[in-house]
Structures are given as C-alpha cells and as structure tokens.
There are 2 protein chains.
Amino acid sequence: MGYSIGQVAKKTGLSVHTLRYYEKEGLLPFVRKNGSGLRVFSDSDLGWLELIECLKETGLPLKGIKQYIDWYLEGDSTLQQRLDMFKQQKIRVEEQMAKLQKHMNKINYKIEIYTKAVAEGTLHLEKETA
Amino acid sequence: MGYSIGQVAKKTGLSVHTLRYYEKEGLLPFVRKNGSGLRVFSDSDLGWLELIECLKETGLPLKGIKQYIDWYLEGDSTLQQRLDMFKQQKIRVEEQMAKLQKHMNKINYKIEIYTKAVAEGTLHLEKETA
DNA sequence: ATAAACCCTTGAGCTTACTCTAAGTCAAGT
DNA sequence: ACTTGACTTAGAGTAAGCTCAAGGGTTTAT
C-alpha cells in the first residue's frame, strides 16, 4: 500500500526529480514520509498524479494545478471555483480537439501531396506553399 | 499583396517580437525587405505561418519546423524526409486526440461530481481523490 | 517641422518546467 | 565491516519559446 519515489517514477513515467519538484511546488501535499525521511506514496497519491497529468496535458500550467489543489485543501467553501475550473478546462479541451482536427486535415493533405511528389520524384506547387 | 509585420501580427495573433524571432530562427526564409529595411510579408508567407502554427500546435518544436524548412529549401532530394515528417506528425496527432478524449472523460466525470457537490454544499469522496 | 505611429537591430531577460549536482543518509546483502 | 543502491536536501543549471529594452530610422498627418 506504499510506494517509493522510484517505484512511482516507473509507474508514471515521470522522473524522481520531477516528482520531488512537483512536491516542492505544492502539487503533492498528501505524500507522507516514513521514519527515515523517505517519501511513501499511497494509491491515492497515484490518483492525484493522474489528475495532475490530465490537467497538465490539457494545457493547465502547474500554477493552475496548484491553485486547484489549494482550493481542494480549503474544503467545501471552494466547490464552485473547482467546478468552474473543470468547466473552463472542458472548453479548452474542446478547442484543442477542434484545432487538432483542423491540423489533421492539413497534415493529411500534405501527406497526399508528398506521397505523389515522392512517386514522381518532384514536388509541383500549385500556388501553394508546401 | 504585401503586409507589414504589424499587420501580420494582427492577422495571426503572434506578436511582432515573435515574428522577428521566428525569422531569426530561420522559420521565415522567404520574407523580403523593402528599401527602408522593413519586412514585407506576402500571402505565401502567411501560408508558411499557418503551416508553422499547425506543426507547432501538434507538438513539433521550432527546431523540427526549421528542419522541415531546411529540407524544403534543399529541394526534391528531401521529398522522402518531408513525407516521413508529416507521417510522423500524423501519428502524434492521433495520439494527442486519443489522450484528449481520455482526459475529456475524466473532466466530464469531475464536472458531474462537482455539480452535485455544489448543489449539496459538500463533496463526498467515494474512495476517490477529487 | 514636428509629433505620432510605425518600423529596425542587438542583445539581454524572463517564464515554465524540468534536470542535474553535491554531499550526505539509510537499509540490505556478503 | 563494507559496499551497493535507493533515498534525502539545497540549490544551481538548462532548454524552449518567447518578451522586452535601448537606441535609432522612416513615414504620414497636421
């Protein structure tokens, strides 16, 4: 039921440096230490790391994640803020998905163009940068 | 048919600083200058900026974008590399889309939880970090 | 002809998010 | 006892991508 920092690093793909850095930044306020001063991560801590990953990869900077955690620590008086944050994040994700789709179309077009170009040995630009 | 750096900044949402920075990094090798040393952007340059935006937002670092541009400048001998780059980028976008969908599910779940919590005035954690 | 609003270059500075170094502690195995 | 390996701290260093400051030039309107 307890993981060392090295085990968590393997599980999450984050480096031990990064995990300590996250803790220093206030992102892991629940990680305990044993008698020798070693960090002991619980399953719940792994859950927090998953959430951090989720927020980070959807474009919330570490500061924003810390804000959320601080709100969480403050308790029920910040429920609305936390809800708003997730709603805001949902909008961001929707925007990102739309953008990615648009970019995907462009990339597919380029793949088409370049596949032909490779077959023909030369690229014909039809008033189009490529 | 010619735009000043300020006009391009407005059109693209990039700052004039960023545009000059991109040029310095070799990302805009086609931008000309007029007799007074002012940059004059063409429509084709705007096309390049769109492509840069596309590659940047799909996770290619500026160095990678520069590599592509260098290949472009080298001509037909690099067609295969450029095709490979776009194929690689397509894979990246697919991965990003899958990740975003996963994160969206988590965020939607949080919104559900927190919407209830706000209505009830308190958050019940069911063996779940939140 | 003078001010306002642009533009220029060089080079320094900033933010984010790590990433690493140095010096040391601790527990387990041989 | 001693080595190995994983851990600790504080603090320095790094890379990417801007962002700004200083000092100056040009164009346009009044």
Side-chain angles (χ1 to χ4, degrees), chain A residues 2-29 31-42 45-46 48-70 89 92 96 99, chain B residues 1-42 45-46 48-70 89 92 96 99:
Chain A
Y3 310 97
S4 75
I5 196 168
Q7 288 172 320
V8 174
K10 260 179 210 154
K11 263 183 209 288
T12 60
L14 300 165
S15 74
V16 295
H17 298 297
T18 301
L19 287 166
R20 285 196 277 250
Y21 169 68
Y22 281 2
E23 190 191 298
K24 198 173 62 184
E25 295 300 305
L27 268 50
L28 298 169
V31 175
R32 304 248 162 262
K33 298 198 183 172
N34 70 12
S36 314
L38 304 201
R39 287 170 188 80
V40 181
F41 288 74
S42 69
D45 293 321
L46 293 182
W48 277 98
L49 281 168
E50 264 184 45
L51 180 58
I52 289 170
E53 194 68 358
C54 170
L55 294 173
K56 193 182 63 173
E57 292 195 341
T58 52
L60 194 65
L62 298 189
K63 255 185 202 172
I65 298 173
K66 170 150 175 51
Q67 172 65 267
Y68 169 75
I69 288 166
D70 289 346
Q89 207 58 15
R92 282 207 192 123
Q96 286 171 55
K99 250 186 202 172
Chain B
M1 276 310 308
Y3 310 98
S4 74
I5 196 167
Q7 288 172 321
V8 173
K10 258 179 209 151
K11 263 182 208 284
T12 60
L14 299 166
S15 74
V16 295
H17 300 298
T18 301
L19 288 167
R20 286 196 277 251
Y21 170 68
Y22 281 2
E23 190 191 300
K24 198 175 59 182
E25 294 301 306
L27 268 50
L28 299 169
F30 305 112
V31 176
R32 304 248 163 263
K33 299 199 182 171
N34 70 14
S36 313
L38 305 200
R39 287 171 188 81
V40 181
F41 289 73
S42 68
D45 292 323
L46 294 182
W48 276 98
L49 280 167
E50 264 184 45
L51 180 59
I52 288 169
E53 195 68 359
C54 169
L55 294 172
K56 193 181 64 173
E57 290 194 343
T58 52
L60 194 63
L62 299 190
K63 259 185 200 171
I65 298 173
K66 168 148 176 52
Q67 172 65 266
Y68 168 75
I69 288 165
D70 289 345
Q89 208 58 15
R92 282 208 191 121
Q96 284 171 57
K99 248 186 203 171

Participant: Would you indicate which nucleotide in D:dG17, D:dT9, D:dC7 comes nearest to any side-chain atom of B:Y21?
Facilitator: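 Nearest listed nucleotide: D:dG17.
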Participant: Give the rounded distance in Å between these two atoms: CZ of A:R32 and P of D:dT8.
Facilitator: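 A:R32 atom CZ is separated from D:dT8 atom P by 15 Å.
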Participant: Taking atom P of D:dC18 as reference, at what distance in whole Å does atom CD of B:E57 sit?
Facilitator: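 Distance check: B:E57 CD to D:dC18 P gives 10 Å.
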Participant: If you look at every heavy atom in B:N34 and B:V40, which pair is closest and at what distance?
Facilitator: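 Taking B:N34 first and B:V40 second, the nearest heavy atoms are CB-CG2, 3.9 Å.
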Participant: In whole angstroms, how far is the C1' atom of D:dA16 from the CG atom of B:L55?
Facilitator: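 It is 17 Å, rounded to the nearest whole Å.
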Participant: Only one of A:Q96, A:R92, A:Q89 forms a side-chain hydrogen bond (donor to acceptor under 3.5 Å, both in side chains) with A:T58, so which one is it?
Facilitator: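 So the option named by the test is A:Q89.
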Participant: Return the nearest nucleotide to the side chain of B:Y22; candidates are D:dG11, D:dC7, D:dC18.
Facilitator: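 Minimum distance to the B:Y22 side chain belongs to D:dC18.
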Participant: How long is the straight-line distance from CG of A:D45 back to CD of A:E23, given to the nearest 0.5 Å?
Facilitator: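 These two atoms lie 9.5 Å from each other.
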Participant: Specify the separation, in whole Å, of atom CD of B:E25 and atom P of D:dC18.
Facilitator: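 In whole Å, D:dC18 P lies 10 Å from B:E25 CD.
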Participant: Could you state the CG-P distance from B:L19 to D:dT19, rounded to the nearest angstrom?
Facilitator: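 For the pair B:L19 CG and D:dT19 P, the rounded distance is 12 Å.
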Participant: Would a distance-only check, ignoring hydrogens and angles, find a side-chain to backbone donor-acceptor pair under 3.5 Å from B:D70 to B:Q67?
Facilitator: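 Here the side-chain-to-backbone pair does not exist.
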Participant: Are side-chain N/O atoms of B:Y3 and B:K10 paired as donor and acceptor at under 3.5 Å?
Facilitator: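 No, no side-chain donor-acceptor contact under 3.5 Å.
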Participant: Given atom CD1 of B:I5 and atom P of D:dG25, what is their separation to the nearest angstrom?
Facilitator: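 Those two atoms, CD1 and P, are 19 Å apart.
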Participant: Regarding A:S15, tell me which of base, sugar-phosphate or nothing describes its non-hydrogen contacts under 4.0 Å with the strands shown.
Facilitator: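 Here A:S15 touches no strand at all.
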Participant: Does this structure show an ion pair linking A:K66 with A:E25, if we count only N-O contacts that are shorter than 4.0 Å?
Facilitator: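 No, this pair does not count.
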Participant: Between which nucleotides of DNA chain C, read 5' to 3', does contact with chain B run, using atoms under 4.0 Å from its heavy atoms?
Facilitator: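 Here the contact window of chain B covers C:dC7 to C:dT9.
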Participant: So which nucleotide from D:dC7, D:dC18, D:dG17 ends up closest to the side chain of B:P61?
Facilitator: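 Closest nucleotide among those given: D:dG17.
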Participant: For D:dT9, does OP1 or OP2 lie under 4.0 Å from any side-chain N or O of A:R20?
Facilitator: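 For D:dT9, neither OP1 nor OP2 has a side-chain N or O of A:R20 closer than 4.0 Å.
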Participant: Just N and O in the side chain of B:S36: are any of them under 4.0 Å from OP1 or OP2 of D:dG25?
Facilitator: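 For D:dG25, OP1/OP2 do not have a side-chain N/O of B:S36 under 4.0 Å.
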Participant: May I ask you to say what A:R39 touches in the nucleic acid, namely base, sugar-phosphate or nothing, with a heavy-atom cut-off under 4.0 Å?
Facilitator: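 Contact class for A:R39: sugar-phosphate only.
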Participant: Side chains of B:Y21 and B:L27: does their closest heavy-atom pair fall under 4.5 Å?
Facilitator: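 Sidechains of B:L27 and B:Y21: no contact.
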Participant: Measuring to OP1 and OP2 of D:dC18, would you say a side-chain N or O of B:T18 lies under 4.0 angstrom away?
Facilitator: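 So the side-chain polar atoms of B:T18 never come under 4.0 Å of the phosphate oxygens OP1 or OP2 of D:dC18.
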Participant: Just call it for B:K24: base, sugar-phosphate, or nothing, with non-hydrogen atoms closer than 4.0 Å on any strand.
Facilitator: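 Result for B:K24 = nothing.
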Participant: What is the separation between atom CD on B:E53 and atom P on D:dG17, rounded to the nearest whole Å?
Facilitator: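 Those two atoms, CD and P, are 13 Å apart.
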